[in-house]
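Since the structure comes first, as structure tokens, the remarks are kept for the end.
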2 protein chains.
Amino acid sequence: MADFTLKQLRYFEALARHEHFGRAASACAISQPALSMQIRDLEETLGAVLFERGARQVRLTMFGEEFADRARGVLRSVDEMGDLARASQGRLMGRLRLGVIPTIAPYLLPTLIGELGRNHEGLDIRVRETLTPKLIAELEEGRLDTAIVALPVGEPALEEVPLFEEDFLLVRPLADAGKPVPEAEGLRGMRLLLLEEGHCFRDQALSFCNLTPALPRDGLDGSSLSTLVQMVGAGIGVTLIPEMAVAVETRSAAVSVTGFDAPRPTRTVGMVWRRTSPLASQINEVSEAVRRAAHTLRADHATLLEKAARTS
Amino acid sequence: MADFTLKQLRYFEALARHEHFGRAASACAISQPALSMQIRDLEETLGAVLFERGARQVRLTMFGEEFADRARGVLRSVDEMGDLARASQGRLMGRLRLGVIPTIAPYLLPTLIGELGRNHEGLDIRVRETLTPKLIAELEEGRLDTAIVALPVGEPALEEVPLFEEDFLLVRPLADAGKPVPEAEGLRGMRLLLLEEGHCFRDQALSFCNLTPALPRDGLDGSSLSTLVQMVGAGIGVTLIPEMAVAVETRSAAVSVTGFDAPRPTRTVGMVWRRTSPLASQINEVSEAVRRAAHTLRADHATLLEKAARTS
DNA sequence: ACTTTGGATAATTTTTCCTTATGGCAGATT
DNA sequence: AATCTGCCATAAGGAAAAATTATCCAAAGT
């Protein structure tokens with residue numbers, strides 16, 4: 001594959017513009033023979049004459065002009081590629097494939113997207129919402145850049161960093177609002193509604209109650225926190241939801257939300273990504289945005305609780 | 001201007017496709033370290049990471065993919081430029097700027113264009129019709145590629161080759177048809193209509209009659225052969241026209257056309273171009289086409305004369 | 001004829017690029 | 001746990017490419 005070089009193309013373009021070897025050469029900051037040779041080589045590899053060397057004139061041939069047109073196009077593209085590289089430096093931009101588990105996504109994302117979109121014009125976030133194992137797999141396959149999950153994950157190939165901790169709160173029918181807060185063990189006697197198998201949140205809740213996840217349970221599983229809260233509102237039982245979900249899920253349901261006394265159940269939400277990912281710094285920026293978003297949500301939650309307290 | 005090379009772009013593209021240094025390297029017919037180094041250099045000059053090197057995986061980064069898209073575009077363009085060079089080899093194609101003098105253009109061009117256009121798809125002929133001195137000047141300025149003129153031209157910077165010889169024929173009013181053909185000197189006594197100054201054909205005709213071109217003449221000049229023939233038809237005088245013009249110019253005029261006895265006046269039509277022009281071989285092809293066209297025209301002329309002879 | 005201009009050529013050095021050999025890390029294997 | 005293996009990075013040496021300076025040569029201008 002006998003091919004010319006970009007350098008030759010640049011020299012060629014200069015000569016085409018200046019129509020003078022000496023001037024073109026100094027425009028390229030090289031000596032005149034160097035340019036002569038490169039042009040000669042270029043013509044040789046092309047098998048065609050680009051310039052007509054007159055006694056006192058250098059002019060493009062018919063073919064040379066056609067060639068020059070395209071050369072200019074190529075050089076422009078190449079320069080743009082350089083710009084692109086420069087532009088994508090440091091700054092968070094381009095496509096970012098973000099995985100989020102279902103017990104976080106609906107509550108965090110609106111705020112997070114707002115947060116990121118505001119400061120990072122040209123950032124294209126693609127969200128994948130699914131269960132932790134799938135997220136991990138896709139991450140390791142390189143189909144995701146980072147994911148927000150409950151820690152720990154414990155995959156050696158993945159780096160993980162905690163973002164925030166959040167309590168699990170007890171959701172009861174309004175009728176139970178005044179009753180004392182049960183201990184962890186006490187929940188076992190109640191009809192505890194949980195998410196379907198596979199959700200890490202389910203496992204965490206069960207483990208808080210010292211229940212074996214494998215234990216077969218009567219059909220009390222819901223496919224989303226929203227469903228669970230509605231079921232609670234209908235008096236079917238009680239459930240746990242993460243702090244972050246309170247504002248959204250209890251807005252339109254007749255339920256009572258209470259925190260536990262110590263030892264309070266919590267989960268650590270964190271960010272994971274491939275150790276080998278060069279996006280580390282950019283993912284760091286996302287982490288910060290998530291922390292800010294979580295903080296905002298927590299503040300909202302606090303005012304909500306306050307209001308609820310005043311109302312009751 | 002720290003810039004990458006086409007070679008790097010090709011290596012990069014291979015690696016992007018294979019996602020494996022070893023295989024990409026052998027696809028490029030180089031060693032693996034060579035490819036590693038070129039990729040590293042490329043990333044360095046870009047100031048951005050293109051690939052995510054996993055333990056057992058090589059994948060494009062976000063930026064890498066964007067870069068790869070453009071790289072493919074550039075490589076495609078570059079390959080096309082190579083094709084272009086190959087395609088423009090030997091074969092006559094592209095733009096050809098052809099100058100022709102006015103006493104040839106209208107008669108030769110229709111046939112010539114047909115001749116060339118038939119065999120050379122993609123040939124773009126641009127015709128410039130003007131007097132010889134202008135053609136020569138434009139040729140030397142590089143604004144024309146070649147020209148068809150009467151030889152000799154005698155410019156040292158120009159190459160010239162004869163195409164064909166053609167007689168000058170006497171055009172007289174029909175009334176004079178039977179009269180004997182005058183000698184060259186005899187024309188001096190007649191009202192000889194000629195083209196305006198500047199036309200080489202005028203000078204050649206005058207020289208045939210041994211008249212000094214500078215001699216002031218009464219307003220008997222026409223701006224085209226067509227005009228002259230019309231004037232002859234109107235009985236104003238006689239004129240000379242080149243053989244090639246007969247078929248066209250005498251079709252709709254009541255005139256008689258006669259050849260001279262020896263010494264017959266002739267002119268040599270030829271082709272000229274810059275010695276430095278790389279189009280030599282292509283111009284040669286044009287020359288051949290002109291010869292063929294001239295031959296065709298001469299044949300037409302012969303049948304015309306025959307017909308005229310039968311009619312009279 | 002002589003000088004000047006401007007590109008080509010020659011000889012040499014510098015830079016770039018490739019090769020082979022080797023190091024090292026992370027999965028895979030036993 | 002220890003070893004193996006695949007795979008990329010690094011190192012060192014040599015070949016190729018490209019730059020430089022110094023001429024050379026042809027054609028234009030004087």
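Protein chains get the first letters and strands the later ones, always in sequence-line order, with residue 1 at the start of each.
Residue B/L15 contributes atom CG, which lies 8 Å from atom P of D/dC8 at whole-angstrom precision. Rounded to whole Å, the distance from CD1 on A/I39 to C1' on D/dA19 is 15 Å. Rounding to whole angstrom units, CD of residue A/Q32 and P of D/dT23 are separated by 15 Å. For the pair B/Q8 CD and C/dC17 P, the computed distance is 7 Å after rounding to whole Å. Atom-to-atom, CD of A/E19 to C1' of C/dG6 comes out at 14 Å; the value is rounded to the nearest Å. Atom CG in A/L42 sits about 15 Å away from atom C1' in D/dA18, given to the nearest Å. Rounding to whole angstrom units, CD of residue A/E44 and C1' of D/dA17 are separated by 14 Å. Across the protein-nucleic acid pair, A/H18 atom NE2 and C/dT5 atom P stand 19 Å apart, rounded to whole Å.
Taking the side chain of A/M37 as heavy atoms from C-beta on, and the options C/dC18, C/dG7, D/dA19, the nearest nucleotide is D/dA19. The side chain of A/I30 approaches D/dA19 more closely than any other nucleotide in the set C/dG7, D/dA9, D/dA19.
Residue A/T103 forms a side-chain hydrogen bond (donor to acceptor under 3.5 Å, both in side chains) with just one option from A/Q204, A/R267, A/R202, A/H199, and that option is A/R267. Partner B/R97 forms a side chain to side chain contact (heavy atoms under 4.5 Å, CB included) with one of B/T146, B/L139, B/L144 and no other, that one being B/L144.
Between B/F4 and B/F12, a ring centre-to-centre spacing not shorter than 6.0 Å is recorded.
For B/R53 and D/dA9, the shortest distance from a side-chain N or O to OP1 or OP2 is below 4.0 Å. The shortest distance between the side-chain N/O atoms of B/R40 and the OP1/OP2 oxygens of D/dC8 is not below 4.0 Å. Put simply, A/H20 has a side-chain N or O that comes within less than 4.0 Å of OP1 or OP2 on C/dG7. For the pair A/K7 and D/dA19, the criterion of a side-chain N or O lying under 4.0 Å from OP1 or OP2 is met. Close to C/dC18, at under 4.0 Å from its OP1 or OP2, lies no side-chain N or O of B/S31. Listed pair B/S36 / D/dC8 fails the phosphate criterion, with no side-chain N or O lying under 4.0 Å from OP1 or OP2.
Two residues, A/L35 and B/Q57, neighbour DNA chain D, and the one matched to the more 5' nucleotide by heavy-atom proximity is B/Q57. With DNA chain C read from its 5' end, the first of the two nearest nucleotides for B/D41 and A/A157 is the one closest to B/D41.
Contact check on B/E66 versus B/R70 returns a salt bridge, with a Lys/Arg side-chain nitrogen under 4.0 Å from an Asp/Glu carboxylate oxygen.
Under 3.5 Å, the side chains of B/Q57 and B/H20 contain no donor-acceptor pair of N or O atoms. No side-chain donor from either of B/T61 and B/E52 sits under 3.5 Å from a side-chain acceptor of the other.
Scanning atom types as modelled, no donor and acceptor separated by under 3.5 angstrom connect the side chain of A/Q38 and the base of D/dA18.
Using a 4.0 Å heavy-atom distance criterion, B/Y11 is classed as a sugar-phosphate-only contact. Among the atoms of the strands shown, base atoms are found under 4.0 Å from some heavy atom of B/P33.
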